[in-house]
Structures are given as structure tokens and as C-alpha cells.
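These notes concern the structure reproduced below.
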Amino acid sequence: MFKKDFVWGAATSSYQIEGAAYEDGKGLNIWDMFCQKDGAIYEGHNGDVACDHYRRYKDDVALMKELGLKAYRFSISWARIMPDGTGEVNQKGLEFYNNLINELIANGITPFITLFHWELPLELHKRGGWLNPDSPDWFAEYAKVVVENFSDRVKHFITFNEPQVFIGFGCITGTHAPGLKMSLSEIIPMAHNVLIAHGKAVKAMRAIAGDLQIGFAPCGTFPYPETESLENIAIARKEAFTVTDDERWFWSVSWWSDPVVLGKYPKDGLQIFGKYLPEGYEKDLETIKQPIDFYGQNIYHGFAVKADKNCELEVIKRYEGYPRNSFGWAITPEALKWGAKFLYERYMLPIYITENGLSCHDVISLDGKVHDPNRIDFLNRYLLCLREAADEGADVAGYFQWSLMDNFEWAAGYSERFGLVYVNFVTQERIIKDSGYWYREVIESNGENL
Ligand code: IFM
């Protein structure tokens with residue numbers, strides 16, 4: 001069973017929904033620029049207008065209310081409230097978020113704020129971005145402004161969303177902003193700065209408000225046991241926290257989360273990447289390991305493993321025609337169960353699934369509705385698995401479906417739809433999909449109807 005006070009929510013991020021990219025004093029960020037690069041984004045799409053949420057936030061909160069959401073996770077556009085990333089604060093930017101927060105609270109919806117969902121202010125990028133040793137202080141300054149302005153009403157904060165992705169895709173493969181391909185000798189110190197930034201921000205936030213609930217939201221692809229034998233479970237657990245010596249390393253959970261929660265880098269990771277860490281990195285671990293109140297994890301998929309006859313890892317090959325979302329990601333509900341269990345065992349913090357959902361190529365049917373049985377089936381299967389994790393002792397505190405509404409899916413532009421609410425990007429009309437109505441019933445019954 002889910003706990004009585006289980007947090008049922010949905011999530012979005014600023015660049016993906018707000019639009020108003022050049023308005024009311026907002027500064028530019030790396031995504032504003034990256035989208036202008038030829039061939040970077042599917043059919044040249046960009047987030048200039050996106051879901052026009054900046055203007056339509058009241059209607060969107062009304063939709064959240066109709067969906068029965070208990071909580072809404074959104075991110076702040078750093079450059080909207082601090083156009084240069086540091087220094088001057090843009091009052092119009094603060095006003096937008098103040099209005100949004102007030103509207104949420106007036107409708108009984110708890111706000112969860114993510115500080116950084118990939119939109120580094122362009123001015124900070126010009127100063128070297130996360131490679132600059134001052135970047136943790138920039139981030140702490142920004143966190144301070146956010147908490148000074150909103151913590152009278154908002155108590156839940158998440159520092160970073162998916163550092164794996166904004167470093168991995170942004171600076172290793174170059175498929176996301178800022179579109180760089182850097183070497184490990186730059187990437188590892190950069191990732192280290194992001195972790196210090198997390199720690200410094202948590203400290204700065206706590207110095208202002210003593211009653212905050214602060215977390216971290218990395219992502220992970222979770223191995224799960226093919227069958228639940230003790231050997232298979234042990235192999236899956238080990239693999240979940242192994243740092244690999246290949247291009248998959250940046251998806252690692254432990255490289256990013258062990259320093260934050262346990263105050264150390266994982267041993268296997270250190271053997272491979274330790275030589276790239278800055279000299280004296282050990283002393284930063286004290287800053288990085290700030291007490292946090294919950295552990296957020298974005299989980300979309302995983303892979304089945306088993307122990308072979310020597311008790312070594314065997315990854316089960318996917319069968320032909322296995323279920324996939326429209327992106328091609330495998331549909332593997334067990335990843336949610338075992339992800340939540342393994343994370344709780346290792347980090348001993350309440351677990352929030354901070355993102356999970358299905359992209360489909362949804363259409364409006366002749367009856368004017370959006371029928372998305374695949375998404376309902378996906379969510380049903382994943383939530384059943386999450387409930388099993390809770391039944392088996394993991395402290396599962398909440399679940400945020402990705403995403404409240406269809407939005408700008410980064411390099412895939414508007415071609416992938418994850419929403420509970422369909423958005424017509426030409427007219428900005430919104431239609432609650434069948435899955436949205438279904439999710440409302442899940443929330444109403446606290447997951448008993450699954
Ligand atoms: O849309 C993204 C989100 O911004 C970060 N996590 C994964 C989602 C789906 O790709």
C-alpha cells in the first residue's frame with residue numbers, strides 16, 4: 001500500500017513549457033542559443049513559445065486541480081530571475097513565480113521547486129559554465145535568491161535534475177545544449193563542481209530557512225532480476241551501483257549520488273576516473289555531503305539481469321518486438337520496483353520518483369478526445385511495481401508523473417508527447433487525455449484501484 005500521505009504529482013521544467021523566452025527582462029540561457037543551431041533540434045523547433053505557460057499558468061493550475069494533483073514539480077528558469085546568472089535580480093521574473101506559487105497554494109497543490117533543470121544562463125556559460133571553479137558559488141547565490149523569495153510558501157526544493165544528462169548529453173555527446181564534446185579531464189572536474197554546487201546550495205538554503213525539505217534528482221537505468229532468486233537480486237543490486245569503464249559511465253547512479261549522500265565517490269569509479277579529479281578533492285566531499293531530506297530519482301526504464309552459473313552478471317538480451325515507447329525506450333516496470341528498493345537500501349532516505357512516464361505519438365480522435373490506453377497501461381504497470389517496493393519495505397514517499405502536459409522534448413522538439421494533458425502547439429488548446437482522468441482516480445484512491 002502507498003502511505004496515507006503519499007505525494008501524487010506531475011512534473012515539468014521551465015524551458016520545456018514556459019515560452020516567453022525574450023520577455024520581461026529574462027536573460028538568455030544555453031537552450032535559447034542551442035536551439036538556433038542548424039540541425040540541433042528536430043525540425044528546427046525551439047522553446048520560444050513552448051506551452052506558453054508563462055501567460056497561461058492560471059489555466060494550467062486549473063487543469064492540475066481537475067486532475068486532482070496533490071503536488072506539482074516545476075523548475076525555475078535561472079536567467080528569468082537572474083538575467084546574468086549572478087548579481088541583478090529581475091523582479092518581473094520573481095513576480096511570475098510568485099504568482100504561480102500563490103495560484104498553486106490557492107488550489108491546494110503543494111509546489112516542489114527544482115532549481116536547475118538544464119538551463120544554464122548564457123552569461124555563465126561564457127565564463128566557462130560548470131568548469132569554472134566559481135560555478136558552485138554562482139549556484140549557491142541563485143539558490144539563496146530563490147529561497148529568500150519563495151520559502152515562506154514553498155518548503156520542498158530539489159537542487160539538480162539529472163546531472164547525468166546535462167553533463168553527458170550537453171558536454172560529452174554534444175546532442176544537448178551547450179553542444180560540446182569534452183574530454184574526461186574536463187568532464188570529471190566539471191561534474192565535481194556540480195556536486196560542490198549542490199552542497200553549497202543546500203548550505204545556503206538552510207541558512208535562510210530551517211524548515212525546508214531538500215532533495216536531489218538524478219536519473220538511472222535500473223537493472224532488475226530476471227526472476228527473483230537471491231542470486232539474481234544480488235547481481236542486480238551490484239550492477240545498479242557499478243561504475244562502468246565505457247561510454248555508459250555517465251549514467252551511473254553511484255558516481256553522482258554516493259558523494260551527495262554518503263560523502264565519498266564509489267571505489268570502482270575512483271579506480272577509473274580518480275586521476276581526473278582535482279587535487280585535494282577529498283576536502284570538497286564534506287561540502288558535497290550535506291544532510292538532505294529525500295532522495296529523488298527519475299526512472300523510465302531498466303534491463304533484466306541474472307546470475308550465470310559462476311554467479312557473474314548476465315544481461316538478458318531483449319527479445320524481438322519488445323515493448324517500447326515512441327522514443328524506443330524499453331518498457332520495463334520492474335525497474336521502478338527494484339530502483340526504489342535498491343536506492344532505499346543504499347541511501348536510507350525517503351524515495352520520491354521525481355519523473356516517470358511514457359512518450360507516445362498521441363492524436364486527437366474524431367470524438368475530440370485523446371485516447372491513450374498505452375500510457376494508462378504503462379503507468380498502471382509501473383505504479384503496481386512501485387507499490388510492491390513500498391509493500392516490501394522501501395520508504396516510497398511520492399511519485400511525479402512526467403509530464404503534466406506535452407512539451408518541448410529537447411533535441412526531439414515537439415515530436416514526442418509525454419503529457420497527461422495534450423497540447424496543440426499551434427492553437428495552445430489543452431485536452432486532458434484519458435490517462436489524465438485515469439490518474440485522477442489513482443490519486444483519489446491512493447493507488448488502491450491499481
Ligand atoms: O523531458 C525529459 C525531462 O526534461 C528530463 N527527464 C527525461 C524527460 C523525458 O525525456
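What's counted below: heavy atoms across the whole structure, side chains too, no hydrogens, waters or symmetry copies. Whatever order the structure lists them in is the order used to number ligands and atoms, beginning at 1.
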Contacts satisfying salt bridge (Lys or Arg N to Asp or Glu O under 4.0 Å) that involve residues 330-341 (not counting sequence neighbours) are E228-K337, K337-E388, K337-E392, K341-E392
If the threshold is 4.0 Å, N to carboxylate O, is there a salt bridge linking R127 and D134? no
So which residues, sorted by chain and number, lie with a heavy atom under 4.0 Å of ligand 1? Q16, H117, W118, N161, E162, Y300, W329, E355, W402, E409, W410, F418
So, K155 side chain and S151 main chain: donor-acceptor pair closer than 3.5 Å or not? yes
Sequence neighbours excluded - salt bridge (Lys or Arg N to Asp or Glu O under 4.0 Å) pairs with any residue from residues 57-75: D60-R430, R73-E355
Face-on cation placement of R318 at F303 ring, 6.0 Å and 45° thresholds: no
Run the side-chain contact (heavy atoms from CB on, under 4.5 Å) test against R55 and tell me which residues pass, sequence neighbours left out. E23, D52
